[in-house]
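Everything on this sheet refers to the single structure shown next.
Start at 1 with the first residue, then count along the sequence.
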Amino acid sequence: DGLPTTTMNSNASSSLRRRGARHEGTRARSPRHRDSADESAGGIATALSDDSAIASNFLRGGTSTATGTDFASDASPPTDVIRSSPPKPSRIRRQMSRNAVSKDESKFRKILTRATSGLVMISLFIAILLSGHVYVCALVFVLEVLLFRELVTVRYNAFFDRIDQTIPLFRTTQWMWFSVSIFYAYSEFVVEMIKSNTKLHYLLEYAQWAPLLSFSLYTGIFVLTIATMQTGHIKFQLNQLCWTIVVLCLTVGQLKYIMHNIYNGLIWFTLPILLVITNDVMAYFSGITCGRKFIHRKFMELSPNKTWEGFLGGGFFTVIVGWYLSRFLARWTWMTCPTNQFAFFPTNLECEVENIFHEATTYFPSQAFELLPRPLIRQWPNVVEICSVGGDVNNLTACISGAINQKHHHWEMALSIVPIQLHAISLSLFASLVAPFGGFLASAIKRAYGIKDFDSIIPGHGGLMDRFDCQLITALATWVHYNTFVKLTTVSVSKLLYMYKLLGEDERKQFLEKISQNSSEN
């Protein structure tokens, strides 16, 4: 509007020079990114020169030397000289949305696969459970074989080249150790069953050779293991031997008494397994729904995906499920009756059901109510206030509102429960607080050898060890609990008859005299 054209051109050129100087100063102040800065500076210089030419020609009303475009008829710069811009935020959001959807679909497929495999395993477990005790024992044996294979394969795959080239009979000796351990662990169980069943007493003359045979097998594999050691690899072979022994302790050692659990009553085999499954499932869902929302501290370094919320939530729900599940299982004699028969076809079990499976009335400790406010206690269901009449503590009755001759004595709450429910609480707490550390041990093994799963035999779950890592120690804990708090003695009539046959003539007479004497006194 009155300014000369040359003045406008000089002002535009000065502005462009200042922009170039600022870019050069920026590059000089960032020596750490010299390579990338050089590339950027080259691009900036080219762009600046093009911009200068475009601005000059635009002011003169000429043609762009950079693009050959005529600006005389249109003051707007052409679209082909505008440099490429970053993606629009809406496009980024759509891309992120697609990634999130893909991740959610993958997670949903994993959950669906795990759930389907879980239902198949539970259905198979129930079918075998209803088939009979022999088939349940066969299932346990097959699982032990597969568990041992998965665990010893971990180190075998890690050191395959060294083992294959230098150590003879490596896999053979491992499986021989497993066979000896299985024979020793379960031959004792078979002998116990023979002693407790009078129909099988004719096998006792063969059963007495079981300890000698076990020891003979042990000495044979012991000699073979030492004989195959190589002088240049003794340390490595000792490490492998120690690993084999640890695996045997985890599998055969912890499952040594699981056959006893089966024949003491299937409930002592079924209930612990279902409690561990419940704890795994509820800990998983508690973790994915509430994980690190209330407790932000990391739970376990060995298993970083585990959370405090999952651990505590799994324990809470396991105790509740154990309380009602044990009462349900106690209704069936197939679950509660012990047996000493090796029947290949299921038959109805009849027995005198033990008292812990009968409904009984128990009283909640009254001292616990003294810690709570009386208005709150009165609102509690099944709680009765007991009063003494005329101050006589021997004359107690339920309190009557407004009675002047009554004085509060204590609170009373009667519960109708099946005693097995109290044992189920103990097993539920063990399955929630101790058994998960079997899973942490399995996680430590996988982390040490850089593997995700022990195997891929179960879709969505991995190997058997990935699913049974918590079951092993729970089976051992159940046997200890049963023999400590439930069955204080394992003496039976069949065992007494077996022991009687081992006595001499004089000892038999003395035994019968003592029996007659005790019978007359009672």
Open item on the list: With a 6.0 Å cut-off (strictly less than), is the heavy-atom count around CZ of R378, excluding the residue itself, greater than 12?
Closed with: yes

Open item on the list: Within a 6.0 Å radius of atom OH on Y449, are there more than 12 heavy atoms belonging to other residues, nucleotides or ligands?
Closed with: yes

Drop me the distance from [X]'s [atom1] to [Y]'s [atom2], to the nearest 0.5 angstrom.
X	Y	atom1	atom2	value
L422	I417	CG	CD1	4.0 Å
L349	H133	CG	NE2	5.5 Å
E144	Q254	CD	CD	10.5 Å
T225	I221	OG1	CD1	4.0 Å
I182	S187	CD1	OG	10.5 Å
T336	W268	OG1	CH2	10.5 Å

Is [X] reaching over with its side chain to a backbone N or O of [Y], donor-acceptor style, under 3.5 angstrom?
X	Y	result
D280	I277	no
N197	Q341	no
N340	I194	no
K293	T289	yes
H461	R467	no
E385	W411	no
S117	P459	yes
Q421	V418	yes
S131	A127	yes

Open item on the list: For H260 and F189, I'd like to know if the aromatic rings sit close, meaning centre-to-centre distance below 6.0 Å.
Closed with: yes

Task: Y257 ring center near W479 ring center (under 6.0 Å) - done: yes

Contact summary for [X] and [Y], nearest pair of heavy atoms:
X	Y	answer
A431	A435	O-CB, 3.5 Å
E354	V486	OE1-CG1, 4.0 Å
V276	C470	CG1-CB, 3.7 Å
L464	I457	N-CG2, 4.0 Å
F440	S303	CD2-CB, 4.2 Å
Q174	F148	O-CZ, 3.5 Å

Would you please classify the geometry between the [Y] ring and the [X] ring as parallel, tilted or perpendicular, with 30° and 60° separating the classes?
X	Y	answer
F485	H481	tilted
F159	F236	perpendicular
F178	W175	perpendicular
Y156	F160	perpendicular
W308	F299	perpendicular

Task: Test applied, side chain to side chain contact (heavy atoms under 4.5 Å, CB included); reference residue, Q237; option that passes from I167, T173, I226, I163 - done: I167

Do [X] and [Y] have side chains that approach each other closer than 4.5 Å (heavy atoms only, starting at C-beta)?
X	Y	result
L146	D455	no
M300	F437	yes
Q471	I273	yes
Y135	L129	no
E359	R327	yes
K298	T307	no
I262	L266	yes
F170	T228	no

Task: Axial cation check for F357 ring with R331, 6.0 Å and 45° limits - done: no

Task: Distance under 6.0 Å and angle within 45° of ring axis: K256 vs Y184 - done: yes

Open item on the list: Going by the rule ring-ring contact (aromatic ring centres under 6.0 Å, His included), which residues pair with W243 if we only count those two or more places apart in sequence or in a different chain?
Closed with: none

TODO: Could you go through the side-chain contact (heavy atoms from CB on, under 4.5 Å) check for S426 and F430 one step at a time?
DONE: CA-CA 6 Å; S426 177; F430 187 91; 6.0 Å; no

Open item on the list: The test is side-chain contact (heavy atoms from CB on, under 4.5 Å); show your working for I425 and L429 and say whether it passes.
Closed with: CA-CA 6 Å; I425 291 179; L429 291 174; 4.2 Å; yes

Open item on the list: Please determine whether ring pair (Phe, Tyr, Trp, His ring centres under 6.0 Å) holds for the pair F285 and F317, giving the CA-CA distance in whole Å, both sets of side-chain angles, and the decisive distance to 0.1 Å.
Closed with: CA-CA 11 Å; F285 283 106; F317 287 106; over 10 Å; no

- [ ] Evaluate ring pair (Phe, Tyr, Trp, His ring centres under 6.0 Å) for Y263 paired with F342, printing each intermediate quantity in order.
- [x] CA-CA 10 Å; Y263 276 82; F342 294 102; 5.7 Å; yes

TODO: Kindly determine whether K195 and V191 satisfy side-chain contact (heavy atoms from CB on, under 4.5 Å), including the steps that lead there.
DONE: CA-CA 6 Å; K195 290 180 180 179; V191 171; 3.7 Å; yes

Open item on the list: Could you walk me through whether F316 and F311 satisfy the side-chain contact (heavy atoms from CB on, under 4.5 Å) test, starting with their C-alpha distance in whole Å, then the side-chain angles of each, then the deciding distance to 0.1 Å, before giving a yes or no?
Closed with: CA-CA 9 Å; F316 174 77; F311 182 75; over 6 Å; no

